[in-house]
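To find a chain, count down the sequence lines: A is the first, B the second, and so on, and within it residues start at 1.
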Amino acid sequence: DQKIGLFASMLGAATPSERRYLVRLATGQMRLGAGDMTLLDALAEAFLGSKTRRPPLEHAYNISSDIGLVARTLLEEGVAGVLAIPVTLHRPIRPMLTQRVSRISEIPERIGSSIIAVEEKYDGERIQAHKDGDDVTLFSRRLTDVTHQYPDIVEHVRQRVMADTAILDGEAVAFDRDTETYHPFQTLMRRRRKHRIKEVADEIPATYRVFDLLYVDGEPYLRRSYPDRRARLEAALSVDERISSADRILTGDLDGIQDFYITCVERGLEGIVCKSCAEDSFYRAGAREWQWIKWKSDYGTELADTLDLVIVGANAGRGKRAGTYGSVLCAAYNHDEDIFQTVCGMGSGFSDADLADLPRRLVGAKADRQPARVMVTPQAAPDFWFAPAQVVEVLGLEITESPVHTCNWDPERRRGLALRFPRFVRWRDEKNPEAATTTAEITAIFRRRREG
DNA sequence: TCTGCCTGCCC
DNA sequence: ATTCTGC
DNA sequence: GCAGAATGGGCAGGCAGA
């Protein structure tokens with residue numbers, strides 16, 4: 001009520017144009033067209049005369065993650081001051097990201113190194129750990145402080161990193177000792193909490209798989225080569241069951257990459273990350289460049305399972321999709337019951353032309369209310385309903401358990417199955433809705449992966 | 001007090 | 001996360 | 001190729017309303 005009163009008085013005092021932006025702010029509809037990089041361009045333009053002078057500012061930002069600090073330092077001390085901003089413990093470094101390719105054979109072509117390190121890729125949470133004596137801070141990929149969420153990792157970094165100060169980069173995962181397999185990502189995410197952290201940490205212990213070293217014993221390591229950083233990392237780690245460096249191989253060719261990839265997938269891992277071992281294989285904070293390339297099982301569609309799903313609903317688009325559909329609700333066919341059960345929404349993978357085409361394709365199936373043969377939970381209920389008619393090919397990474405999608409719905413557990421990372425591939429106009437992928441087939445895919 | 005919806009942040 | 005598009 | 005902005009599933013947690 002306090003908030004409402006305050007906001008009401010702000011709206012009352014505002015001009016019509018101000019009101020528009022206040023409402024957009026409150027409803028999360030604000031689009032600035034300016035992210036952090038555009039802000040840095042603006043700083044360079046304003047204080048250094050041209051946005052071509054962004055690089056030193058960008059570097060300081062990449063190692064400090066604090067655009068306010070960069071701006072303040074630039075104003076007070078000029079470029080020299082910005083260049084002197086050091087890597088600082090407990091101030092996160094922007095994580096280096098991985099590039100993607102559409103064929104695995106592109107990896108050796110683009111990586112720019114004859115020797116390639118191939119590391120396991122884990123489906124967990126990216127964690128940057130700062131060790132400052134006994135004082136440990138953990139940061140998530142988007143640099144929020146998650147120290148309190150992982151008391152077990154804090155303790156392991158404290159005890160098993162044999163350096164007084166260090167910054168590590170790695171992945172928190174939930175490894176099940178009994179089955180010798182990694183828990184699904186969803187299980188690890190139960191650790192993202194404020195309360196009852198201790199109990200859940202005991203129930204789902206985290207393992208820290210470290211793959212990089214950015215700073216050690218007072219020295220920044222960003223501009224050392226990957227092989228040097230890795231060697232120093234291994235020297236500093238006193239490995240045990242809950243903290244270790246990422247498993248990897250070194251290879252010189254595509255066959256080596258492919259072999260390791262296959263063993264990773266067979267062991268239930270998400271994929272691989274290939275890393276350049278060249279002289280200039282520095283840690284490029286904040287960058288997504290060709291020194292690191294990832295490969296996951298859904299990238300090469302030949303091996304991946306694509307699903308043919310039926311459109312049963314759509315949601316109104318926002319922003320640049322305002323006025324048309326932003327996403328569609330997709331369902332599989334339950335042959336036994338002759339009904340359609342939802343598997344995912346889908347709004348990615350559409351070109352602007354596909355999107356423009358959507359209303360025309362769907363208009364004939366438009367329904368006033370939920371069609372009788374369509375089963376949907378309240379959380380997944382769409383803005384617009386369609387009778388099952390249009391079939392579409394959908395690509396995704398994997399099938400997961402779902403509290404909102406009704407495919408293979410278990411009324412006892414109130415859970416169905418959903419597709420993770422769904423995206424549009426193409427229309428399947430020649431298919432009838434009853435020829436879509438069945439809920440039984442999706443269930444089989446889920447079980448096959450889950451039970452090896 | 002309990003439930004459902006919405007947001008924020010992981011991927 | 002994935003994907004598309006304007007610059 | 002970069003930067004930005006569309007969009008996905010899921011979990012925890014806060015808050016409004018039953």
Side-chain angles (χ1 to χ4, degrees), chain A residues 1-4 26-41 51 54 58 95 97-100 102 110 121-127 139-146 149-150 171-174 184-197 200 204 270-271 286-290 294 296 298-299 309 314-322 324-330 342-356 358 377-381 394-405 407 415-425:
Chain A
D1 284 350
Q2 249 184 346
K3 284 183 193 167
I4 289 168
T27 58
Q29 313 259 303
M30 182 73 104
R31 287 179 300 157
L32 296 173
D36 44 9
M37 290 306 150
T38 307
L39 245 174
L40 288 169
D41 275 346
K51 66 180 185 183
R54 187 177 95 183
E58 187 174 345
L97 305 173
T98 57
Q99 266 291 6
R100 284 170 303 177
S102 47
R110 308 201 73 142
K121 185 176 195 309
Y122 308 102
D123 190 11
E125 179 172 5
R126 182 88 177 261
I127 295 288
F139 296 99
S140 72
R141 189 187 115 124
R142 292 209 162 65
L143 310 179
T144 53
D145 184 330
V146 292
Q149 283 175 215
Y150 293 105
E171 193 91 358
V173 289
F185 177 72
Q186 280 161 281
T187 303
L188 182 74
M189 281 303 96
R190 293 181 45 210
R191 298 275 313 252
R192 298 190 50 74
R193 56 173 56 242
K194 240 165 87 173
H195 311 296
R196 298 184 51 237
I197 286 172
V200 183
I204 310 162
E270 197 188 31
R288 172 172 271 142
E289 292 174 7
W290 294 104
K294 68 177 158 186
K296 303 207 295 192
D298 57 336
Y299 292 168
L309 300 175
N315 285 306
R318 313 155 188 259
K320 62 186 173 189
R321 293 193 189 171
T324 180
Y325 299 130
S327 64
V328 293
L329 181 62
C330 300
T342 67
V343 178
C344 61
M346 179 174 65
S348 192
F350 291 119
S351 69
D352 287 358
D354 295 326
L355 274 172
L358 254 181
T377 64
Q379 300 104 293
V394 182
L395 177 64
L397 178 65
E398 63 174 349
I399 311 292
T400 63
E401 286 198 321
S402 168
V404 311
H405 288 293
C407 174
R415 284 173 94 77
L417 296 174
L419 185 65
R420 183 146 82 130
F421 306 146
R423 58 261 202 201
F424 172 81
V425 178

Phosphate OP1/OP2 of D:dC11: any A:Arg415 side-chain N/O under 4.0 Å: yes

Side-chain N,O (A:Arg54) to OP1/OP2 (D:dA3) below 4.0 Å: yes

Contact class for [X] vs. all strands (heavy atom < 4.0 Å): base, sugar-phosphate, or nothing?
X	value
A:Glu401	sugar-phosphate
A:Leu397	nothing
A:Arg196	nothing
A:Pro403	sugar-phosphate

A:His195 or A:Gln99, whichever maps to the more 5' nucleotide of DNA chain D: A:Gln99

Residue met sooner reading DNA chain D from 5', once A:Trp290 and A:Arg192 are mapped to nucleotides: A:Trp290

[X] [atom1] - [N] [atom2] separation (whole Å):
X	N	atom1	atom2	value
A:Ile127	B:dC10	CD1	P	8 Å
A:Glu125	D:dG10	CD	C1'	13 Å
A:Asn315	D:dG8	CG	P	7 Å

Given [options], identify the nucleotide with an atom nearest to the side chain of [X].
X	options	result
A:Ser327	D:dT7, D:dA12, B:dC11	D:dT7
A:Arg321	D:dG9, D:dA6, D:dG10	D:dA6
A:Arg110	D:dG1, D:dT7, B:dC10	D:dG1

Main-chain N/O of A:Arg141 paired with A:Arg126 side-chain donor or acceptor, under 3.5 Å: no

Main-chain N/O of A:Thr98 paired to A:Arg288 side chain as donor or acceptor, under 3.5 Å: yes

Residues which pass side-chain hydrogen bond (donor to acceptor under 3.5 Å, both in side chains) with A:Ser351, listed by chain and number, not counting sequence neighbours: A:Asp354

Gap in Å between the two P atoms, one belonging to D:dT7 and one to B:dC6, rounded: 16 Å

Reading 5' to 3' through nucleotides 1-7 of chain C, protein heavy-atom contacts under 4.0 Å coded B for base, S for sugar-phosphate only, - for none: SBBSS--

Test log, rule side chain to side chain contact (heavy atoms under 4.5 Å, CB included), inputs A:His405 and A:Leu329: CA-CA 10 Å; A:His405 288 293; A:Leu329 181 62; 4.0 Å; yes

Sequence-distant partners of A:Phe424, ring-ring contact (aromatic ring centres under 6.0 Å, His included), two or more places apart: A:Phe350, A:Trp427

Lys/Arg N to Asp/Glu carboxylate O, A:Arg191 vs A:Glu125, below 4.0 Å: no

Whether over 12 other heavy atoms sit under 6.0 Å from A:Lys294 NZ: yes

